[in-house]
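Accompanying notes for the structure given below.
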There are 2 protein chains.
Amino acid sequence: MKLPVSTEWVLHCATSLAQLEPGATASAGQLAGYFDVPQAYLAKQLQPLVKAGVLAATTGPRGGFRLARPAADITFLDIVEAVDGTAPPYECREIRQQGRGALPAEDCRAACPIAAKMAAAHASWRTSLAAVTLADLLSEIPEWAPERTRRLLTGTG
Amino acid sequence: MKLPVSTEWVLHCATSLAQLEPGATASAGQLAGYFDVPQAYLAKQLQPLVKAGVLAATTGPRGGFRLARPAADITFLDIVEAVDGTAPPYECREIRQQGRGALPAEDCRAACPIAAKMAAAHASWRTSLAAVTLADLLSEIPEWAPERTRRLLTGTG
DNA sequence: GCCATCCTACTCGGATATCGTATGTCCGAGTTGGTCGGG
DNA sequence: CCCGACCAACTCGGACATACGATATCCGAGTAGGATGGC
């Protein structure tokens with residue numbers, strides 16, 4: 001069970017974008033230089049964020065990415081599931097209905113107890129991530145951080 | 001973020017082994033036939049369970065696998081982390097200290113806030129799994145299930 | 001009939017191929033801002 | 001001096017290679033139970 005390396009990238013990118021002035025954008029190249037990560041691959045990983053409605057992208061000069069919603073309405077879960085997908089890590093393939101020990105279908109109306117426990121753990125994980133918004137995170141950083149981010153990221157700040 | 005398919009196998013195998021009489025064993029071949037999964041690959045996945053001290057293996061005729069501890073002392077977390085490893089899914093590579101926006105080391109004494117949130121979610125997941133033991137699971141299955149498992153799995157029951 | 005020995009069959013354990021996905025890179029379509037010429 | 005059209009550079013978006021780990025398989029070392037021969 002491993003999240004893509006790019007998960008860290010997009011979380012930090014979203015945090016940085018949240019520190020920009022409303023309407024301002026940062027390009028994939030600027031973000032890549034800010035974190036020293038491959039520019040092309042970062043752009044590729046930001047795309048699903050746009051499709052998920054977390055970020056908005058504008059092309060052309062002075063274009064780039066910005067938050068599509070207020071920072072208070074974007075949770076960690078939104079970002080993580082956008083880049084990694086929403087499929088739960090444990091997939092029940094109903095092996096209890098296969099092989100020599102296959103249970104009759106009438107005993108499988110209820111969900112597999114094992115799968116239920118795994119689903120509960122996954123739900124706990126999702127709940128924990130959904131409880132944190134980008135706005136919550138910004139409240140934890142120093143006062144001087146946003147100005148610094150704007151200056152080093154976009155050059156205007 | 002995806003758990004190996006074998007996670008389902010070993011969870012069901014452990015549950016079945018917990019239904020055997022104390023000291024009784026089931027071979028990898030018997031378990032594979034019981035669930036209709038590849039026998040060699042299942043044996044490979046049961047090995048880390050033995051190394052983790054969850055299962056015990058005996059060789060030779062009438063040998064096989066059995067629980068190394070009472071079912072009440074084996075949690076889902078023990079099994080899942082044995083087969084999948086204990087590394088957390090989100091790995092903080094400290095990109096906040098890299099690139100144009102690198103923070104000075106003195107501002108990085110505290111853990112990265114983003115990594116802290118991800119670690120908290122992972123801790124929540126682990127806590128949820130650690131709260132379920134094999135004994136808990138056995139209390140949810142029908143009365144007639146253990147006898148049936150013993151009969152179809154080992155032929156003696 | 002009992003026992004020690006040998007043997008056979010069965011077990012796990014690790015080493016070895018194959019496949020799929022994450023990772024990394026590249027080029028093309030589209031758009032905006034600036035520039036240049038004309039009025 | 002003001003305005004419109006053109007151009008060029010910059011942006012994202014999707015298509016194309018590569019590396020690593022999960023998946024699947026096989027063969028060898030070791031052991032316990034049973035058969036066998038002797039006492």
Side-chain angles (χ1 to χ4, degrees), chain A residues 1-10 13 17 23-33 35-52 54-66 68 80 82-85 87 89-91 93 95 153-156, chain B residues 1-10 13 17 23-33 35-52 54-66 68 80 82-85 87 89-91 93 95 153-156:
Chain A
M1 192 174 58
K2 191 167 69 75
L3 283 169
V5 179
S6 51
T7 307
E8 183 181 8
W9 304 354
V10 297
C13 284
L17 291 176
T25 64
S27 70
Q30 287 173 327
L31 290 165
F35 293 116
D36 190 25
V37 298
Q39 183 252 349
Y41 188 37
L42 174 62
K44 180 187 179 67
Q45 299 311 96
L46 288 176
Q47 272 184 265
L49 273 289
V50 175
K51 281 194 174 178
V54 174
L55 300 185
T58 57
T59 63
R62 315 284 282 181
F65 297 93
R66 60 177 175 80
V80 171
V83 69
D84 187 55
Y90 179 86
E91 181 188 359
R93 297 195 180 179
I95 67 172
L153 179 56
T154 66
T156 69
Chain B
M1 193 174 59
K2 190 167 69 76
L3 284 169
V5 178
S6 50
T7 307
E8 182 181 10
W9 304 353
V10 297
C13 285
L17 291 176
T25 62
S27 71
Q30 287 172 327
L31 289 165
F35 292 117
D36 189 26
V37 298
Q39 183 252 350
Y41 188 37
L42 175 62
K44 180 187 180 66
Q45 299 311 97
L46 289 176
Q47 273 185 264
L49 274 288
V50 175
K51 282 195 174 179
V54 175
L55 299 185
T58 57
T59 64
R62 314 285 281 182
F65 297 93
R66 60 176 174 82
V80 171
V83 68
D84 187 55
Y90 179 87
E91 181 188 0
R93 299 195 180 180
I95 67 172
L153 179 56
T154 67
T156 68

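To find a chain, count down the sequence lines: A is the first, B the second, and so on, and within it residues start at 1.
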Calculate the interatomic distance between B:Lys2 atom NZ and C:dG20 atom P; express it in whole Å.
12 Å
Does A:Ser27 have a side-chain nitrogen or oxygen under 4.0 Å from the phosphate oxygens OP1 or OP2 of D:dT11?
yes
Atom-pair distance (CE on A:Met1; C1' on C:dA22), nearest Å:
17 Å
Tell me: OH of B:Tyr41 to P of C:dC19, nearest whole Å?
15 Å
With heavy atoms under 4.0 Å as the rule, sort A:Gly29 into base, sugar-phosphate or nothing.
nothing
Can you measure A:Gln45 atom CD to C:dT23 atom P for me and round it to whole angstrom units?
7 Å
Length of the CD-P vector between B:Gln39 and D:dA24, whole Å:
14 Å
Report the residue (A:Ala40 or A:Pro61) whose heavy-atom-nearest nucleotide on DNA chain C is the more 5′ of the two.
A:Ala40
Using atom CD of B:Glu8 as one end and atom C1' of D:dA22 as the other, report the distance to the nearest whole Å.
16 Å
Would you kindly compare B:Pro4 and A:Arg62 by the position of their nearest DNA chain D nucleotide and give the one closer to the 5′ end?
A:Arg62
Could you state the atom-to-atom distance from NZ of B:Lys44 to C1' of C:dT11 in whole Å?
17 Å
Using atom CG of A:Leu42 as one end and atom P of C:dA22 as the other, report the distance to the nearest whole Å.
17 Å
Closest-nucleotide mapping onto DNA chain D: is A:Gln47 or A:Gly60 further toward the 5' terminus? I mean the 5' end.
A:Gly60
